[in-house]
2 protein chains.
Amino acid sequence: MVASATKTKIAQELEDAWVALFRAPPAVVERVNARIRSEGFLTVEWYDVLWALARAPAGRIRQRDLGKDLLIARYNLSRLIDRLAAEGLVERVPCPADARGFDVVLTDKGRDLRAATWPVYAQALREEIGSRLSTDEQCKLSRLLAKLV
Amino acid sequence: MVASATKTKIAQELEDAWVALFRAPPAVVERVNARIRSEGFLTVEWYDVLWALARAPAGRIRQRDLGKDLLIARYNLSRLIDRLAAEGLVERVPCPADARGFDVVLTDKGRDLRAATWPVYAQALREEIGSRLSTDEQCKLSRLLAKLV
DNA sequence: TAGATAATGTTGCGTTCGCAACAAATAGGC
DNA sequence: GCCTATTTGTTGCGAACGCAACATTATCTA
């Protein structure tokens, strides 16, 4: 690969957008997590897997597809599923159509825990995001972030 | 604390905004980091500390203020500074005005490494963000994310 | 259909994060 | 001044991440 001529200046708007993107979201996620944990429930990382499964047909998704949906790298998802399975919240079953793969299946325990967590989670989202952004702003934010993926 | 009556529904816009906020930024940051690391340079987490110091008067900021600027939790910043100091990129010196505190000072080595990293970093930002969002969109994104902090 | 290539998932290893508990110093209320 | 509460920073510990290397299976190509 030829080293391209890299200019040493970037636009202020680009710098500002990057700094905001880099710093703000983790802080917001941490606040949401802190609220949920203080009530004794799951982190959002765990929750989101259960949520994705709860929406999937038969509470079942192939691990590969789960990673793509949740934007989680393979090696991280692999161990995240390990932890969820160790808690009995999901199960890994061989994928019928592909001997390499696994379907991740939501257990009853996982389904119940997700449902129990939801009110606390929803409340955290209302307070951390709903109270700070109008509905219109929420839509704009979704749209802008979608362009970056 | 009295358990507040928590509704079990939230608006679709809020859910979408949260999901985007939760998933997209880490993926973008990881892509930027991968580019920079593939060229043998610093992760953005390290870079941003050096950057903040390079902008500060005399290349020097109190650790507490650095944490607030960068939105890094105390216990994480403490160890991040440890690592940077172990590499000789910064130094910790007692804060003259407050015996509890430390000023973090950029070393010559840190200054040089930051400068050397910049072209690669800037190029990564142009490609990952500049090419996906217009200047106007970049401004909107900054503004929306600022509201969440 | 054999051989090379790609996709899927796991694991060893070191790094980094997050909580809780802690020590030390300052600031405030009386 | 004195006692308490707050602020600042560190550390032990376990959880989670990220890279590189790996095994296994599927897919493509000739």
Taking only residues two or more places apart in sequence or in another chain, which ones pass salt bridge (Lys or Arg N to Asp or Glu O under 4.0 Å) with [X]?
X        : value
A/Asp108 : none
A/Arg79  : none
A/Arg100 : A/Asp98

DNA chain C contacts made by [range], counting heavy atoms under 4.0 Å:
range                     : answer
residues 89-97 of chain A : A/Arg92
residues 21-28 of chain A : none
residues 50-69 of chain B : none

Kindly give the atom pairs (protein nitrogen or oxygen, nucleotide nitrogen or oxygen) under 3.5 Å for nucleotides 11-15 of chain D.
from	atom 1	to	atom 2	distance (Å)
D/dG12	O6	B/Arg79	NH1	3.3
D/dG12	O6	B/Arg79	NH2	2.7
D/dC13	N4	B/Arg79	NH1	3.2

Side chain to side chain donor-acceptor pair (under 3.5 Å) partners for [X], two or more places apart:
X       : result
A/Arg23 : none
B/Arg74 : none
A/Asp82 : A/Arg92

### Task
Respond yes when some side-chain nitrogen or oxygen of B/Asn76 is under 4.0 Å from OP1 or OP2 of C/dT16, and no when none is.
no

Let me have the donor-acceptor pairs involving side chains of residues 142-149 of chain B, under 3.5 Å, with sequence neighbours excluded, atom names and distances please.
from	atom 1	to	atom 2	distance (Å)
B/Ser142	OG	A/Ala17	N	3.2
B/Ser142	OG	B/Gln138	O	3.0
B/Lys147	NZ	A/Glu137	OE2	2.7

### Message
Checking A/Arg31 now: which residues fulfil side chain to side chain contact (heavy atoms under 4.5 Å, CB included) with it, not counting sequence neighbours?
### Response
A/Val28, A/Glu128, A/Arg132

